[in-house]
Amino acid sequence: MSRTPLIAGNWKMNGLMREGLALSKAVAAGSAQLPGIDLVICPPATLPAAVRPALAGSRVALGAQDCHPAPSGAHTGDVAAPMLAELGCRWVIVGHSERRANHGENDALVRAKAKAAHAAGLGAIVCVGETLAERDAGHTLAVVGRQLAGSLPDESKATDVVVAYEPVWAIGTGRAATTEQVGEVHAAIRRLLAKRFADGAALRVLYGGSVNPANASELIGLADVDGALVGGASLKAESFLAIARGAGGSLV
Ligand code: PGA
């Protein structure tokens with residue numbers, strides 16, 4: 001099963017207009033040298049409209065970091081999926097561990113957000129991952145399995161869902177999971193997807209958590225890893241593009 005590698009940049013709450021524009025332009029320019037790889041940047045909700053023209057005609061798609069499950073309504077401060085679609089977003093991250101931890105998001109809410117994304121014509125990048133305490137207790141596969149079961153809509157398809165495995169303890173710590181750890185969890189995720197979805201073998205599963213240019217090709221080169229969700233290293237065009245080149249090295 002050949003799956004096109006996907007490298008997604010999660011800028012988190014970083015980037016004023018000037019930096020966001022410069023970063024988008026540099027990533028778009030560099031993407032011309034990366035045929036065969038899908039690239040997505042997910043700037044903060046203030047920026048998609050501004051950076052969209054910089055991505056026009058490039059291989060880089062626009063994404064967002066979160067959406068509300070409702071298409072509109074009395075939800076102060078939230079952003080709805082149709083609003084993101086209107087700004088030119090093609091993807092939205094849902095269930096990132098920072099939202100699960102800081103905003104109390106649970107699997108049912110994440111699933112509702114993914115469904116809202118689909119209803120608006122967006123693909124959902126659905127994040128799962130265990131905490132260090134859960135890993136130390138030997139619960140990693142159970143936790144990730146439970147999150148996947150609860151967070152993915154039943155009608156998920158390879159064209160509109162990407163799973164991102166991001167161990168919480170690896171995010172922003174400079175301590176990526178080992179290839180053994182990633183290999184074990186991704187193999188388990190792939191089995192679960194194949195069992196549940198008709199085209200489960202075609203769904204892409206990304207690794208995220210301290211991915212950088214030095215470790216990218218080794219991690220993304222693993223059999224069940226189809227790309228990366230990149231935080232800190234996506235804030236510099238050179239490192240984001242170097243990671244994408246690392247993914248290209250795994251193309252056969
Ligand atoms: P990091 O973040 O690459 O900075 O570890 C990854 C993420 O949170 O998606």
Side-chain angles (χ1 to χ4, degrees), residues 5-15 19-20 23 27 37-45 47-48 60-67 89-105 110 113-114 117 122-132 134-135 140 143-144 147-148 151 161-179 181-182 185-186 189 204-222 225-247:
L6 171 66
I7 307 296
N10 174 11
W11 295 6
K12 309 195 179 183
M13 198 173 71
N14 295 293
E19 293 118 40
L23 181 52
V27 170
I37 298 181
D38 290 341
L39 293 168
V40 180
I41 55 168
C42 302
L47 291 184
V60 187
L62 198 48
Q65 299 173 17
D66 181 48
C67 67
C89 291
R90 165 73 189 86
W91 293 97
V92 59
I93 298 169
V94 293
H96 190 281
S97 63
E98 285 154 15
R99 294 211 59 91
R100 290 180 186 262
N102 303 341
H103 298 265
E105 297 195 1
V110 175
K113 290 183 174 204
L122 302 176
I125 300 174
V126 181
C127 301
V128 296
E130 81 288 1
T131 63
L132 190 56
E134 289 164 340
R135 172 162 286 275
T140 298
V143 167
V144 169
Q147 289 176 331
L148 272 185
S151 301
V161 162
V162 168
V163 172
Y165 168 57
E166 298 203 307
V168 176
W169 49 270
I171 294 177
T173 58
R175 180 184 161 205
T178 65
T179 49
Q181 291 168 328
V182 175
V185 178
H186 276 244
I189 291 174
R204 288 180 288 191
V205 185
L206 313 181
Y207 167 76
S210 296
V211 176
N212 61 44
N215 62 21
S217 60
E218 189 180 37
L219 289 165
I220 300 167
L222 295 171
V225 179
D226 306 310
L229 181 55
V230 186
S234 74
L235 295 173
K236 292 245 181 320
E238 312 83 75
S239 47
F240 186 61
L241 292 166
I243 289 168
R245 278 194 295 278

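Ligands are counted one by one from 1 in listed order, and the atoms in each one are counted from 1 as well. Note that the coordinates shown come from a computational prediction; the quantities given were computed from them, not determined experimentally.
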Any donor-acceptor pair under 3.5 Å linking the side chain of His103 with the backbone of Glu105?
no
Note: heavy atom closest to atom 5 (O) of ligand 1, options Ala164, Gly231, Gly172, Ser234, belongs to Gly172
Check: of Lys12, Glu98, Glu166, Gln65, min heavy-atom distance to atom 9 (O) of ligand 1 comes from Glu166
Fill in: Derivation of the side chain to side chain contact (heavy atoms under 4.5 Å, CB included) call for Glu218 and Thr179
CA-CA 7 Å; Glu218 189 180 37; Thr179 49; 3.6 Å; yes
Atom indices of ligand 1 within 4.0 angstrom of [X] heavy atoms, with elements:
X	value
His96	7 (C), 8 (O), 9 (O)
Ala170	5 (O)
Ser210	1 (P), 3 (O), 5 (O)
Gly232	1 (P), 3 (O), 4 (O)
Asn10	9 (O)
Gly209	5 (O)

Would you be so kind as to tabulate the donor-acceptor pairs closer than 3.5 Å made by side chains of residues 226-240, with sequence neighbours excluded?
from: Asp226; atom 1: OD1; to: Arg3; atom 2: NE; distance (Å): 2.8
from: Asp226; atom 1: OD1; to: Arg3; atom 2: NH2; distance (Å): 3.3
from: Asp226; atom 1: OD2; to: Arg3; atom 2: NE; distance (Å): 3.0
from: Asp226; atom 1: OD2; to: Arg190; atom 2: NH2; distance (Å): 3.0
from: Asp226; atom 1: OD2; to: Val205; atom 2: N; distance (Å): 2.8
from: Ser234; atom 1: OG; to: Val230; atom 2: O; distance (Å): 3.3
from: Ser234; atom 1: OG; to: Gly231; atom 2: O; distance (Å): 2.7
from: Ser239; atom 1: OG; to: Ala233; atom 2: O; distance (Å): 2.8
from: Ser239; atom 1: OG; to: Lys236; atom 2: O; distance (Å): 3.2

- Task: Give the C-alpha distance, both sets of side-chain angles, the deciding distance and a yes or no for side chain to side chain contact (heavy atoms under 4.5 Å, CB included) between Arg99 and Lys113.
- Result: CA-CA 12 Å; Arg99 294 211 59 91; Lys113 290 183 174 204; 4.1 Å; yes
Exercise. Determine, step by step, whether Ile41 and Trp11 satisfy the side chain to side chain contact (heavy atoms under 4.5 Å, CB included) criterion, reporting the C-alpha distance in whole Å, the side-chain angles of both residues, the deciding distance to 0.1 Å, and the verdict.
Key: CA-CA 8 Å; Ile41 55 168; Trp11 295 6; 3.9 Å; yes
Item checked: Ring geometry between Tyr165 and His186 (parallel below 30°, tilted from 30 to 60°, perpendicular above 60°) -> perpendicular
Review point. Does at least one non-hydrogen atom of Ala176 fall below 4.0 angstrom from an atom of ligand 1?
Key: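 No.
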Contact region, Ile171 to ligand 1, non-hydrogen atoms below 4.0 Å, reads both
Asn212: what forms a side-chain contact (heavy atoms from CB on, under 4.5 Å) with it, not counting sequence neighbours?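 Scan of Asn212 (side-chain contact (heavy atoms from CB on, under 4.5 Å), adjacent residues dropped) gives Ala214, Asn215.
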